Amino acid sequence: MDEKDYETSLKIEIEKLIDTRDIKYPGPYFEIEKGIFLLYQIVSVNDALKMFSNIKVRILAANIYNPDPFKNITLCIDGHDAKIKYYDPLTTRKSLYSYKEGTSGIRTQIVTDSLGFILFISETEKRSDGNDGTMFLKMKLYNHIHLGDCLALDGRYTLFLEKFKESALKRGYKFTDRNFRYPIRKINNEKLT
């Protein structure tokens, strides 16, 4: 793709952004921040192949960019907590309070690929209502990820993996343990294997 084609595709993407400015995307950020982030993602791409995330691109990117013990990880999920001041008289502050964080706020789950692109975002929930595991199940990622993907997640999700695999199997997707990678406790200053 030469520079002129790249500029043309960039203009088309910007026009699409302008045409969809009345659409609201759920999340803890202002609409303008999401638009600027999306524009940054489009402009910062040097290679047209990186603009798209499919299983082939994710596997290749994982093999190129991930450290040696993690070459098979194509996707990562983690929760993003945001503090908020909420003045709705019908909502109690207790429903927003997180004992883990010690403050009021909201939580959103985000799935990224090896290139850092955000592929999936969960509905935002109050911290007291949504923990990482239940929000992970509500995302129904089995409808979106490929059987060749390997999802990296932290220890908070592991209790929900069996339920995820059962739900996926009911819908015809056969995810196994090889589709997930999560940390185990290790001794300090010892390499991961």
Side-chain angles (χ1 to χ4, degrees), residues 23-38 40-41 44 53 55 58 61-62 65-67 69-88 91-168 171 173 175-186 192:
I23 297 172
K24 302 290 183 217
Y25 300 99
Y29 302 104
F30 293 110
E31 298 303 316
I32 189 71
E33 291 172 324
K34 292 181 227 175
I36 290 170
F37 177 72
L38 183 58
Y40 170 77
Q41 287 276 9
S44 68
S53 185
I55 188 62
R58 289 194 296 264
Y65 298 113
N66 290 359
F70 307 108
K71 294 287 187 189
N72 64 326
I73 294 175
T74 56
L75 300 172
C76 297
I77 185 170
D78 203 6
H80 174 78
D81 292 323
K83 294 179 185 179
I84 63 167
K85 291 186 178 186
Y86 201 69
Y87 299 108
D88 182 2
T91 302
T92 63
R93 293 184 73 184
K94 187 177 180 181
S95 68
L96 294 169
Y97 190 78
S98 166
Y99 290 97
K100 177 188 156 209
E101 301 294 327
T103 59
S104 298
I106 53 177
R107 175 173 290 132
T108 306
Q109 300 298 311
I110 299 171
V111 178
T112 61
D113 66 6
S114 297
L115 295 171
F117 285 103
I118 296 173
L119 303 180
F120 312 108
I121 300 174
S122 73
E123 292 289 326
T124 300
E125 294 187 8
K126 299 170 189 170
R127 282 186 182 166
S128 63
D129 295 342
N131 64 46
D132 288 341
T134 55
M135 292 179 76
F136 165 64
L137 293 176
K138 287 179 187 176
M139 287 178 77
K140 299 180 182 176
L141 286 175
Y142 45 76
N143 290 326
H144 305 290
I145 64 176
H146 191 273
L147 288 173
D149 278 317
C150 181
L151 181 65
L153 27 84
D154 62 32
R156 292 183 233 159
Y157 299 90
T158 55
L159 298 172
F160 298 88
L161 286 180
E162 289 306 316
K163 179 109 171 124
F164 176 86
K165 289 187 272 188
E166 288 171 13
S167 298
R171 286 155 186 83
Y173 304 104
F175 289 100
T176 62
D177 287 338
R178 69 180 179 81
N179 294 106
F180 305 97
R181 187 94 183 253
Y182 46 89
I184 56 171
R185 294 212 181 265
K186 73 172 199 70
L192 292 172

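Worth saying up front: this structure is predicted, and the values here are computed from it rather than measured.
In this structure Asn143 satisfies the side chain to side chain donor-acceptor pair (under 3.5 Å) test with no other residue, sequence neighbours excluded. Taking the side chain to side chain contact (heavy atoms under 4.5 Å, CB included) definition, one finds that Glu166 meets it with nothing, sequence neighbours left out. Listed by chain and number, the residues in a side chain to side chain contact (heavy atoms under 4.5 Å, CB included) with His146 are Ile55, Arg58, Asp149 (sequence neighbours excluded). The side chain to side chain contact (heavy atoms under 4.5 Å, CB included) search around Arg171 returns Tyr142, Ser167, Tyr173, not counting sequence neighbours. By the side chain to side chain contact (heavy atoms under 4.5 Å, CB included) test, Lys138 pairs with Glu125, sequence neighbours left out. Under the salt bridge (charged side-chain N to carboxylate O under 4.0 Å, His left out) criterion, Lys140 pairs with no residue at all, not counting sequence neighbours.
Phe160 has its ring centre no less than 6.0 Å from the ring centre of Phe136.
Summarising the geometry, atom CD1 belonging to Ile73 is positioned 9.0 Å from atom CG belonging to Leu153; distances are rounded to the nearest 0.5 Å. Rounded to the nearest 0.5 angstrom, Ile110 CD1 and Ile118 CD1 are separated by 5.0 Å. Rounding to the nearest 0.5 Å places CG of Asn179 at 8.5 Å from NZ of Lys165. In this structure, the separation between OG1 on Thr112 and CD1 on Ile77 is 9.5 Å, given to the nearest 0.5 Å. Once rounded to the nearest 0.5 Å, the distance linking OG of Ser122 with CE of Met135 reads 3.5 Å. The OG1 atom of Thr108 sits 9.0 Å away from atom CD of Glu123, with the distance rounded to the nearest 0.5 Å.
Counting heavy atoms from C-beta outward, Leu151 and Leu141 have side chains that approach closer than 4.5 Å. Phe180 places a side-chain heavy atom less than 4.5 Å from the side chain of Phe175.
Arg181 and Pro69 make their closest contact through NH1-O, 2.8 Å (heavy atoms, listed as atom of the first residue, atom of the second, distance). Across every non-hydrogen atom of Leu147 and Arg178, the tightest pair is O-NH1, 4.0 Å.
For the residue pair Gln109/Asp132, the side-chain donor-acceptor check at 3.5 Å is satisfied.
For the pair Thr74 (side chain) and Cys150 (backbone), a donor-acceptor distance under 3.5 Å is present.
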